[in-house]
Amino acid sequence: MNFKALSLSACLVSTMAASGVAHAEATGVDFINVFEKLAGKQPGVRKGHAKGVCAVGEFTPTDAGGRYSSSALFNGEKSTANIRFSMAGGNPAANETERSPRGVGVKFTMADGSVHYIAGLTTPVFPGKSPEVFLGLLETLVPDEQGKVDFSQVAQYRQEHPSTLPQFNWLQANNPPSSYASVNYHGIHAFYFVDDQGKKTKFKWRLVPTEGQKLLTKAQMKQLPDTFLADKLKEELSQDPAHFELQAVIGQADDVTNNPSQAWPEDREVITLGTLSITSSGDNNCDLINFDPNALAQGVESSDDRILRLRSTAYAISFGKRLSGQ
């Protein structure tokens, strides 16, 4: 992603105070305020991942998860799934060919009525090691009174805060997906499985399309319209369901749980928890769902990741504003 050519919406989602200025502990309100500075007020729209499409499907578990977790999600019965695919950032008209993350949120509803939520990105890491670093990066992207972003300030901030670089570098090396259904989604944060005896196992989840990833070519990135992903997903699902493997990357003792900008080593054990099958898209079934990644079923717990914990507050504020038309 070239800084000079980078649009504001792509900058927002690939990457937080002005260069080098330390923040006090960041809050959910801080993030909602900066999102609105970057994308405008956008009444009634999600403050993050504003542009998206709803889908529905079901989850069929394997027996692997039950060896680590007491969750009903892995007890052998199918769960219904409400899904939302999205573009990162607060712009409801985001360009879908840009080098920015795509997102996914899933609400699993189990046979016993309990629910479990996940939310992830197409990038394997997050753009900052802490809420304060991420907030500072976003603030460098706020336009001045003339509507311009000082990209030299953004670059300086990145150099001074190297945890903002891994996601940015990943986006430069990987073209955007050609479909919401043909790209890997990463949970980014660490969680814990908890079994019947209370034993905890750290893990990170990911969704992997069974047909493999299909990315845009550079020519397609130039030629395709700004909006195509929702229509393409609907067309694909009209022919066949899309299938993803829900996988868990099992962490080892020295794998950090509180820094989502740092990836775990690639040699970690991976287990397949089940198959998420998506059957249709395009309705509004997900409009009133708040995809809080800390709303977890029994048998799964959040880690000590401060960014993960803060997402609940930011999501709740965004949800309230959206329902009240703000």
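Scope of the values below: all heavy atoms of this structure, side chains included, with no hydrogens, waters or symmetry mates. In what follows, residues are counted from 1 in the order of the sequence shown.
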Determine whether a donor-acceptor pair (N or O, by modelled atom type, separation under 3.5 Å) exists between the side chain of [X] and the backbone of [Y].
{"X": "Ser324", "Y": "Gly320", "answer": "yes"}
{"X": "Thr313", "Y": "Gly28", "answer": "no"}
{"X": "Arg102", "Y": "Val183", "answer": "no"}
{"X": "Lys47", "Y": "Phe319", "answer": "no"}

> Would one find more than 12 heavy atoms of other residues, nucleotides or ligands at under 6.0 Å from atom CD of Gln298?
Replying inline: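 Counting other residues, nucleotides and ligands, CD of Gln298 stays at 12 neighbours or fewer.
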
> Do NZ/NE/NH1/NH2 and the carboxylate oxygens of Lys232 and Glu96 come within less than 4.0 Å?
Replying inline: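 Glu96 and Lys232: not salt-bridged.
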
>> Less than 4.0 angstrom from a charged side-chain N to a carboxylate O is my criterion; do Asp255 and Arg268 meet it?
In response: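 The answer is yes: the pair qualifies as a salt bridge.
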
> Under 3.5 Å, is there a donor-acceptor pair linking the side chains of Asn285 and Asp283?
Replying inline: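 The criterion, which ignores hydrogens and geometry beyond distance, is satisfied for Asp283 and Asn285.
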
> With a 4.5 Å heavy-atom cut-off, do Cys286 and Phe291 have their side chains touching?
Replying inline: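 In contact.
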
>> What verdict does the side-chain contact (heavy atoms from CB on, under 4.5 Å) test give for Thr279 and Glu58, after you've listed the backbone C-alpha separation in whole Å, the side-chain angles of each residue and the deciding distance to 0.1 Å?
In response: CA-CA 8 Å; Thr279 53; Glu58 64 179 16; 5.8 Å; no

> Of Trp264, Tyr192, Phe193, Tyr68, which meets ring pair (Phe, Tyr, Trp, His ring centres under 6.0 Å) against Phe203?
Replying inline: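 By the ring pair (Phe, Tyr, Trp, His ring centres under 6.0 Å) criterion, Phe203 pairs with just one of Trp264, Tyr192, Phe193, Tyr68: Phe193.
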
> Between Phe108 and His116, how do the two ring planes meet: parallel, tilted or perpendicular, split at 30° and 60°?
Replying inline: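 The arrangement is tilted - the two ring planes meet at 30° to 60°.
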
> Is the ring centre of Tyr185 less than 6.0 Å from the ring centre of Phe85?
Replying inline: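 Between Phe85 and Tyr185, which both carry aromatic rings, the centre distance is below 6.0 Å.
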
